[in-house]
Novice: 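My questions will all concern the structure given below.
Just so it is clear: chains get the letters A, B, ... in the order the sequence lines come, proteins before strands, and each one is counted from 1.
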Amino acid sequence: MEPQYHPRAIEPAVQKEWADSRAFVAPDASPKPKYFCVSMLPYPSGKLHMGHVRNYTINDALYHFMRMKGWNVLMPMGWDAFGLPAENAAMANGVPPAKWTWDNIAYMKTQCQAMGWAIDWTREVATCSPSYYRWNQWFFLRLWEKGLIYKKTGVVNWDPVDMTVLANEQVIDGRGWRTGAVVEKRQIPMWYMRITQYADELLDSLDGLGWPEQVKQMQRNWIGRSEGVEFTLPYAAQTAKRMADGKAGLKVFTTRADTIMGITFAAVAPEHPLATEAAKGNAALADFIEECKKGGVQEADIATMEKRGMPTGLKVLHPFSGEPIEVWVGNYVLMGYGEGAVMAVPGHDERDFAFAKKYGLPITQVIEVDGQEYSLDEWEPWYEAPGRNVNSGAYDGLAQIESIDAVAAALEKAGLGTKRVQYRLRDWGISRQRYWGTPIPIVKCAQCGDVGVPDAQLPVVLPEDLVPDGTGSPLAKSPAFYETKCPTCGGPARRETDTMDTFVDSSWYFMRYTCPDATAMVDERAQYWMPLDMYIGGIEHAILHLLYARFWTKAMRDMGLVKADEPFANLLTQGMVLNHIYSRRTAKGRIEYFAPDEVQVAHDAEGKVTSATLKSDGSEIEYEGIGTMSKSKRNGVDPQEMIERYGADTARFYVMQANPPTDTMLWSDQSVDGSFRFLRGLWVTVHEHVQTGVVPRYASAELSSELRELRFKLHKTIDKVADDYGRRLQFNTAIAAIRELLNLLDKLRDRGLVARAVAQEVLEDAILMLSPIVPHIATVLWAELRPGTRLIEQPWPTVDPRALVQDSIQLVVQVNGKLRGHLNVPASASREQIEAFALADDAVQKFVNGQKPKKVVVVPGRLVNVVV
RNA sequence: GCCGGGAUGGCGGAAUUGGUAGACGCACGGGACUCAAAAUCCCGCGGUGGCAACACCAUGGGGGUUCGAUUCCCCCUCCCGGCACCA
């Protein structure tokens, strides 16, 4: 055995052994129970970043642990290979997105292999390959046949200079990222998936999922089921003449029907037909509506902008009183939301209150809450609280629930409205006016309308040689792609040139892992593996991706393709990886950034950072704080450099010991050194042990108290580490516990035969416990400790109950809840005996100071608290 | 703006069900070894007072419940994630 630890020598050798023995290829049937653990697939941006290292190492540790526990484990890998960055890279370098993407995949795959992750590469999936996306297209057509896909207009960001649709990310402060032009809202036809049809099930089945509670809560709030009343505000006579739309009035939805007698105006979205009609012959209103089109479509921008409005001059009637009500156009009313029109009750809605104040509209109190004084001057939060009706005619005195029922009944009787469930969730718009995505399999024929591409002609292949230029999709400029014949009538027709949202790709890729070569979308192998037993990925995906994948799975189930109701039985959301940022302002006023390894940080005697200087020339620079790793701030850490300098095991160990996987993680180069030192020390410890001769592990013999203590620690640790890995998913505390165990072993000076047998036991089990985190070094050290056996075939160590027996235990002694000392008592001591021991204790006597104890609290096995 | 989460030594963090606040590590300080350095090993390391024993204070800020609160409740501040075309 080499006396020194050389990761660069051992890691490739161990990886080769795994590959040659197909160690991580999972069978599709097994007497063992199955465990399917998946990490969210990476976007192939060029090279792995630390977020990936963290994500896949967590998954890998679980893989090894569950395997040792006797499960048939599958950990696959794929590539989320469609999307905007490939188009941006293409524009920057003139390389087609396909080549850029495939090159990145090839490189990143070698990095994954160098990390030693236990990936079953026979199941690799790339979403940009036609053999994958043909099933996006096939399933699109099935959904369309079932009416779960439909076409309607939607609002997008429009760059008026480049004449192109922009992604929200490409809108910066309301302007196009390339042109700087003020972005406009524009309505275009798009394809939608009816996720709202599944809203109730998506909501209800959250309860049974083994997900973090906050993620389930986010999804519940996102779906936002609310019960309310939909009703019509009838047009006033003049308005009815103007509108002539065949409708009786303006349809609105409210969850606060109990406030209906407080309506003092109504508001419609700028794109609402009523607004359009009112703008005819009203130049000021037309200008206002035009003005409302400025800016992007992002919810956060719309919610924070100044609320503005303008009267339309049109009127509707109150459904009960028949009083005329003015209709306004409001920039905060969203057309894509409900009916695009709202009733306004400024007395009991904060937004309406502010709007009424601003434009001098009347405000009426119609709800009272006991003992509260209503004032028109200032908004109070209780105005929105449930209470009893006042100034509401027939409804006066009713509490909220009775009032809503009575109002709904009256509306129903009048033929004006009904109770209805409303969701905040909107249907999923999947059309993207972009090139690098799955082509939507529709042909547009002048005679036959929209016609689905016949299954036999799938996939509609995306040409891979185009280069976008930022002025709209190259597909729409490529006759070779869009010119086709109508599948129905054979006449000339044009293909749909929009592609699908990349969330479509990521909604079912995990099922394709189970059967990557299937001649259908999925086959029976999916029934064996689904659902995922663990899904691991960033918290930033808590809503959209996870919700879409849940919907998609349910739609596949209803099509008879899978049996699973839910794709992800358990979920682990990991935090982001951050690093320090260093910068300075150049003479020209530009900010330049420095990588942390170019910087020398000085500390004072207490360890506080006092200054940061450049290693190269010693000049002083600024410490900006911490932020996500990014190219522009130069604070990324390249896993490749880590592997070359320290080895993959150190990188893996570092990210796992730093903190719990769900927390954001701050990178620290010094701590990386510490991780390497630990592995080097472990190597030396095993080497020294092996030098004196490998012995059989401890089985039975009389033990000194020191050895009994060591074995107690070992078997406690086995229990704790298994709990941390398998249940708590908290690897940092598992590693700390193993370090405590090895620290204790380190103190052992006994070199006798029995001591060496116990040391053998401790080392073997410590290596087994560490192996999910650092499998390379563990493989080599195991082979030294147990020649002729393979680590990869070992089960998880078993706990010896004899080692956990203790004669005496230490209790904490408190007086009035404050720690005053410790007490050693026999493990069998009764509550009364413990009380007596505690009262006799010197420290207790001192603080009790002769007073009579009021009571004594005994927590078995933990503490005794004397209250005076 | 709305929804969700977070804040503990110089730093990362621990305290699992309300029961010893600071495990384990990093950094830092002192010492040993060395011609010297690196590596390694030993000791110290929240704050204040004290020779010490020890005492008091301390988990973002303010209040509350409890024998006992980092943990539960209310209010506030700041930070992070998401908000439907980034992935």
Side-chain angles (χ1 to χ4, degrees), chain A residues 40 42-43 45 80 83-85 154 156-157 165-171 212-215 217-218 220-222 224 296-305 332 336 351 424-434 501-503 506 538-545 547-548 573 575-576 578 601 603-609 628 657-660 662-675 677-678 680-681 684 720 723-724 727-728 730 732-733 735-740 743 810-819 821-822 854-857 859 862-863 865-868:
Chain A
M40 291 179 188
Y43 179 80
S45 56
D80 188 16
L84 266 187
V156 294
N157 302 304
V165 176
L166 297 179
N168 281 338
E169 189 193 48
Q170 298 170 320
V171 178
E213 200 47 50
Q214 77 263 24
V215 176
Q217 195 55 42
M218 279 191 253
R220 283 187 197 108
N221 292 340
W222 185 262
V297 300
Q298 290 178 64
E299 163 95 12
D301 293 340
I302 292 164
T304 51
M305 74 188 173
Y332 61 93
R351 198 174 54 184
R424 210 188 75 92
L425 178 69
R426 312 203 289 265
D427 277 337
W428 176 14
I430 59 152
S431 296
R432 298 291 180 270
Q433 299 67 43
R434 277 179 250 298
D501 181 2
T502 54
F503 277 127
S506 54
I539 182 71
E540 66 274 18
H541 297 291
I543 295 176
L544 291 178
H545 161 57
L547 195 62
Y548 291 145
T573 48
M576 294 187 307
L578 310 180
V601 178
H603 303 262
D604 64 15
E606 287 170 329
K608 288 185 196 169
V609 175
T628 51
Q657 61 82 45
N659 62 358
T662 49
D663 291 2
T664 50
M665 177 178 135
L666 179 62
W667 191 261
S668 157
D669 284 328
Q670 287 106 342
S671 299
V672 175
D673 279 333
S675 295
R677 281 203 297 269
F678 170 74
R680 188 169 58 192
V684 169
K720 183 198 168 36
D723 189 46
D724 280 350
R727 182 182 65 88
R728 296 216 299 158
Q730 190 164 297
N732 56 325
T733 47
I735 291 170
I738 299 168
R739 293 183 83 137
E740 282 185 60
N743 287 347
Q810 191 182 57
L811 295 183
V812 165
V813 178
Q814 296 181 336
V815 176
N816 290 336
K818 283 202 169 202
L819 174 70
H822 296 92
K854 256 193 249 168
K855 88 186 198 194
V856 180
V857 181
V859 181
R862 275 198 181 267
L863 63 71
N865 184 18
V866 178
V867 185
V868 294

Novice: Test your reading of the model: is there a side-chain donor-acceptor pair from A/Asn157 to the backbone of A/Leu166, 3.5 Å cut-off?
Specialist: yes
Novice: What form does the base of B/G9 take, syn (within 90° of 0) or anti?
Specialist: syn
Novice: Looking at A/Arg424, does any N or O in its side chain come under 4.0 Å of the phosphate oxygens OP1/OP2 on B/C3?
Specialist: no
Novice: Select base, sugar-phosphate, or nothing to describe what A/His545 touches, counting heavy atoms under 4.0 Å on all strands.
Specialist: nothing
Novice: How many Å lie between CD on A/Gln657 and C1' on B/G13, as a whole number?
Specialist: 9 Å
Novice: Starting at CG of A/Leu547 and ending at C1' of B/C83, how long is that distance when rounded to a whole Å?
Specialist: 13 Å
Novice: Taking atom P in both B/G13 and B/A52, what distance in whole Å separates the two?
Specialist: 34 Å
Novice: By the 4.0 Å heavy-atom rule, please label A/Pro660 as base, sugar-phosphate, or nothing.
Specialist: sugar-phosphate
Novice: Do A/Ile735 and A/Phe678 make a side-chain contact, defined as non-hydrogen atoms from C-beta onward lying under 4.5 Å apart?
Specialist: no
Novice: From A/Lys720 NZ over to A/Gln730 CD, what is the distance, rounded to the nearest 0.5 angstrom?
Specialist: 7.0 Å
Novice: Which nucleotide, if any, forms a Watson-Crick or G-U wobble pair with B/G1, using both distances under 3.5 Å?
Specialist: B/C83
Novice: Under the side-chain contact (heavy atoms from CB on, under 4.5 Å) test against A/Leu819, which residue among A/Asn865, A/Val812, A/Leu863, A/Val813 passes?
Specialist: A/Val812
Novice: Rounding to the closest angstrom, what is the interatomic distance between B/G9 and B/A84 at atom P?
Specialist: 36 Å
Novice: Rounding to the closest angstrom, what is the interatomic distance between B/A58 and B/A53 at atom C1'?
Specialist: 22 Å
Novice: Can you work out whether A/Trp222 or A/Met665 has the more 5'-proximal nearest nucleotide on RNA chain B?
Specialist: A/Met665
Novice: Looking only at atom C1', what distance separates B/C26 and B/G81, rounded to whole Å?
Specialist: 27 Å
Novice: Tell me: CG of A/Asp663 to P of B/G12, nearest whole Å?
Specialist: 11 Å
Novice: Can you identify which nucleotide, out of B/C67, B/A84, B/G1, has its nearest atom closest to the A/Ala303 side chain?
Specialist: B/G1
Novice: Can you confirm whether A/Leu547 sits close enough to A/Leu425 that some side-chain heavy atom of one is under 4.5 Å from a side-chain heavy atom of the other?
Specialist: yes
Novice: Determine which nucleotide pairs with B/A55, using a 3.5 Å limit on both distances of a Watson-Crick or G-U wobble pair.
Specialist: B/U48
Novice: When both hydrogen-bonding distances must be under 3.5 Å and the geometry is Watson-Crick or G-U wobble, what is B/A15 paired with, if anything?
Specialist: none
Novice: Using the P atoms only, state how far B/C33 lies from B/A69, rounded to an integer number of Å.
Specialist: 49 Å
Novice: Round to a whole Å and report the spacing from CE of A/Met218 to C1' of B/C83.
Specialist: 12 Å
Novice: Taking for each residue the nucleotide of RNA chain B bearing the nearest heavy atom, is the 5' side occupied by A/Val866 or by A/Glu169?
Specialist: A/Val866
Novice: Check every strand shown and say whether A/Val165 touches a base, only sugar-phosphate, or nothing at a heavy-atom separation below 4.0 Å.
Specialist: base
Novice: Rounded to the nearest 0.5 Å, what separation is found between the OG1 atom of A/Thr573 and the CE atom of A/Met40?
Specialist: 8.0 Å
Novice: Using a heavy-atom cut-off of under 4.0 Å over every strand shown, decide if A/Ile738 touches base, sugar-phosphate, or nothing.
Specialist: nothing
Novice: Any side-chain N or O of A/Arg680 below 4.0 angstrom from OP1/OP2 of B/U40?
Specialist: yes
Novice: Take atom CZ of A/Arg862 as the centre, draw a 6.0 Å sphere, and report whether it contains more than 12 heavy atoms from other residues, nucleotides or ligands.
Specialist: no
Novice: A/Arg677 CZ to B/A38 P: how many Å, rounded?
Specialist: 13 Å
Novice: Is there a donor-acceptor pair under 3.5 Å between the side chain of A/Asn659 and the backbone N or O of A/Asn732?
Specialist: no
Novice: Among B/C80, B/G4, B/C86, which is the nearest nucleotide to the side chain of A/Asn168?
Specialist: B/C86
Novice: Is a side-chain donor or acceptor of A/Asn168 paired with a backbone partner of A/Val297 at a separation under 3.5 angstrom?
Specialist: no
Novice: Is the shortest side-chain N/O distance from A/Lys818 to OP1 or OP2 of B/C57 below 4.0 Å?
Specialist: yes
Novice: With a 4.0 Å cut-off on heavy atoms, is A/Ser506 in touch with a base, just the backbone sugar-phosphate, or nothing at all?
Specialist: nothing
Novice: Is it the case that A/Thr733 and A/Asp724 place a side-chain donor and acceptor less than 3.5 Å from each other?
Specialist: yes
Novice: Can you tell me how far C1' in B/U70 sits from the matching atom in B/A23, rounded to whole Å?
Specialist: 15 Å
Novice: Counting the atoms with a prime plus P, OP1 and OP2 as sugar-phosphate, which does A/Ala300 contact under 4.0 Å by heavy atoms, base, sugar-phosphate, or nothing?
Specialist: base
Novice: Using Watson-Crick or G-U wobble geometry with both distances under 3.5 Å, which nucleotide pairs with B/A69?
Specialist: none
Novice: Going from OH on A/Tyr43 to OG1 on A/Thr502, what distance comes out if it is rounded to the nearest 0.5 angstrom?
Specialist: 9.0 Å
Novice: Please work out if A/Thr304 contacts a base, only the sugar-phosphate, or nothing of the nucleic acid, heavy-atom cut-off 4.0 Å.
Specialist: base
Novice: Roughly how far apart, to the nearest Å, are B/U59 and B/U8 at atom C1'?
Specialist: 4 Å
Novice: Between atom CE in A/Met40 and atom P in B/A87, what is the gap in whole Å?
Specialist: 15 Å
Novice: Between B/C42 and B/G49, how many Å separate the two P atoms, rounded to a whole number?
Specialist: 32 Å
Novice: Give the rounded distance in Å between these two atoms: CG of A/Asp501 and P of B/A87.
Specialist: 8 Å
Novice: Is any side-chain N or O of A/Gln730 closer than 4.0 Å to OP1 or OP2 of B/A15?
Specialist: yes
Novice: What contact category does A/Phe503 fall into here, base, sugar-phosphate, or nothing, at under 4.0 angstrom with non-hydrogen atoms?
Specialist: base
Novice: Checking all strands, does A/Gly575 fall into the base, sugar-phosphate, or nothing category for heavy-atom contacts under 4.0 angstrom?
Specialist: nothing
Novice: Can you figure out which of B/C80, B/A84, B/A87 approaches the side chain of A/Arg426 most closely?
Specialist: B/A84
Novice: Going 5' to 3' through nucleotides 16-24 of chain B, assign each nucleotide B (protein heavy atom under 4.0 Å from a base atom), S (under 4.0 Å only from sugar-phosphate atoms) or - (no protein heavy atom that close).
Specialist: B--BB--BS
Novice: Across all strands, who's sitting opposite B/A7 as a Watson-Crick or G-U wobble pair, both distances under 3.5 Å?
Specialist: B/U77
Novice: Please name the nucleotide paired to B/A21 by Watson-Crick or G-U wobble geometry with both distances under 3.5 Å, or report none.
Specialist: none
Novice: A/Glu540 has an atom CD; how far is it from atom P of B/C83, in whole Å?
Specialist: 10 Å
Novice: Which nucleotide in the set B/G4, B/C67, B/G13 lies at the smallest distance from any side-chain heavy atom of A/Asn659?
Specialist: B/G13
